[in-house]
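For the numbers below, each heavy atom of this structure counts, side chains included, while hydrogens, waters and symmetry mates do not. Chain identifiers are assigned alphabetically (A, B, ...) following the order of the sequence lines, protein sequences preceding nucleic acid strands; residue numbering begins at 1 within each chain.
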Protein chains: 2
Amino acid sequence: MRADAQRNYDRIVEVAREVFREQGYDASLDEVAKRAGVGPGTLYRHFPKRENLIDAIMQSWVDRVDEAADKALAHEGSPRDLLLAWFEQYVALISLHKGGPAKITSAMCDDSSPIATKCQALTRATSRVLERLEAEGALREGVDVVQMCRLVGGVATVADQADLGTDDVQPLLGVVADGVLR
Amino acid sequence: MRADAQRNYDRIVEVAREVFREQGYDASLDEVAKRAGVGPGTLYRHFPKRENLIDAIMQSWVDRVDEAADKALAHEGSPRDLLLAWFEQYVALISLHKGGPAKITSAMCDDSSPIATKCQALTRATSRVLERLEAEGALREGVDVVQMCRLVGGVATVADQADLGTDDVQPLLGVVADGVLR
DNA sequence: ACCTGAACACCGTTCAAGT
DNA sequence: ACCTGAACACCGTTCAAGT
């Protein structure tokens with residue numbers, strides 16, 4: 001990549017991170033381009049779809065997912081406590097930006113999505129938690145990873161769109177946990 | 001209301017029902033106005049917010065909600081069967097139009113929403129089902145109606161946005177049912 | 001090879017003019 | 001009292017011209 005192209009790419013990603021943090025993933029791309037000091041065409045050359053830009057600003061995010069799973073797994077306590085701890089981390093991770101829960105949960109299992117690798121990071125981390133529970137025999141029959149991601153993602157989506165607080169979300173996650181555990 | 005105003009109102013609602021069925025609740029209001037043969041200003045006079053229009057086309061829908069609850073309650077079977085039957089009806093009812101699950105579930109409990117009465121119809125019907133289960137002692141402690149609507153609404157939202165089929169939705173509803181039942 | 005920015009299509013919203 | 005439709009602001013997308 002040419003030097004000026006690289007510079008523009010970096011600036012766009014940097015600015016997008018800022019704009020998305022302020023306004024959510026549905027923020028205007030025009031404003032991103034404007035703040036980054038590039039023409040709208042330049043933004044489109046680098047990121048043909050909005051999801052490509054979202055994917056780019058999520059680079060370091062994958063590490064945080066793995067760390068969060070480590071942290072939840074280190075947690076001592078009942079299977080239910082472990083599961084709830086992970087659910088909370090999960091919701092927090094996909095709710096960093098407004099609109100995130102919907103975008104990420106919709107892309108789940110869609111390998112053609114630009115953010116497919118990010119979704120895979122989530123399912124991989126969730127698998128680790130599930131394997132632990134499975135080994136302890138705490139899991140119901142026929143529960144699989146994707147189902148769990150969709151359930152927790154659904155809760156996060158509703159919470160995101162209805163602006164629910166932790167007090168409202170916690171009980172919902174509790175129900176999902178009870179439905180998944182033996 | 002003046003005769004021509006009433007006529008325009010009716011035509012807009014009729015056309016909106018058609019357009020929303022084809023393209024979902026996020027369809028262009030411009031197209032609704034165009035197809036109805038009115039200026040955009042006329043549409044705005046009658047329906048200042050998109051939700052007001054959605055509310056209008058949902059008039060007869062309330063009856064269908066009550067009928068669906070009757071039907072589920074008539075269903076003989078285990079508490080789990082009853083609950084799952086209702087969940088399926090619930091998802092079907094709010095998924096009639098693309099974008100419906102998200103709009104309806106977001107407005108849940110928001111009395112200032114233009115579609116507040118529709119949400120109340122849903123919680124009222126769900127209450128009837130829950131009371132039956134409560135009487136049979138089949139319900140867990142601390143489960144309330146709004147939680148259930150949000151959980152099932154969350155599942156429906158994910159299914160709607162990710163274009164999931166019944167085969168994918170069914171197991172999710174099963175988990176929620178298990179989490180809610182004793 | 002990459003960038004710019006004008007241009008286009010589309011959408012929601014407002015409002016002066018008309019009946 | 002109600003309707004019309006031009007006008008505005010905004011957004012995503014494309015592409016010819018420029019470096």
Query raised in the report: So, is A:H46 near the phosphate of C:dC3, with a side-chain N or O under 4.0 Å from OP1 or OP2?
Result: yes

**Report entry** Salt-bridge contact B:E22-B:R35 (side-chain N to carboxylate O under 4.0 Å)
**Finding:** yes

Query raised in the report: Does the side chain of A:N8 get closer than 4.0 angstrom to OP1 or OP2 of C:dC3 through an N or O atom?
Result: yes

Query raised in the report: Any side-chain N or O of B:S28 less than 4.0 Å from the OP1 or OP2 oxygen of C:dC10?
Result: no

Report task. Return yes if a side-chain donor-acceptor contact under 3.5 Å exists between B:S78 and B:D81, otherwise no. Result -> yes

Report task. Could you provide the dot-bracket string of DNA chain D, using ( ) for intrastrand pairs, [ ] for crossing pairs and | for bases paired to another strand, with Watson-Crick or G-U pairs below 3.5 Å? Result -> ||.|||||...|||||.||

Report task. Verify whether one side chain among B:S112 and B:D110 offers a donor that lies under 3.5 Å from an acceptor in the other. Result -> yes

Query - Backbone N/O of B:A69 and side chain of B:R128: donor-acceptor pair under 3.5 Å - result: no

Requested in this report: Classify the ring geometry between A:Y9 and A:F47 as parallel (under 30°), tilted (30 to 60°) or perpendicular (over 60°).
Outcome: tilted

Which atoms of nucleotides 13-15 of chain C (N or O only) lie under 3.5 Å from a protein N or O atom, and what are those distances?
residue : atom : partner : partner atom : Å
C:dT13  : OP2  : B:Y44   : OH           : 2.1
C:dT13  : O5'  : B:Y44   : OH           : 3.3

Query raised in the report: In whole Å, what is the span from the CD atom of B:E31 to the P atom of C:dG12?
Result: 10 Å

Requested in this report: Quickly work out the A:R11 CZ to C:dC3 P distance and round it to whole Å.
Outcome: 12 Å

Report task. Take the protein atom CZ of A:R45 and the nucleotide atom C1' of C:dC2, then report the distance between them rounded to whole Å. Result -> 6 Å

Report task. Could you state the atom-to-atom distance from CG of B:L53 to C1' of C:dC11 in whole Å? Result -> 15 Å

Report summary line: Between CG of A:L43 and P of C:dG5 the distance, given in whole Å, is 14 Å

Do any N or O atoms of the protein come closer than 3.5 Å to N or O atoms of nucleotides 16-19 of chain D, and which pairs are they?
none

Report task. Check the distance between D:dC3's P and B:Q6's CD and give it to me in whole angstrom. Result -> 11 Å

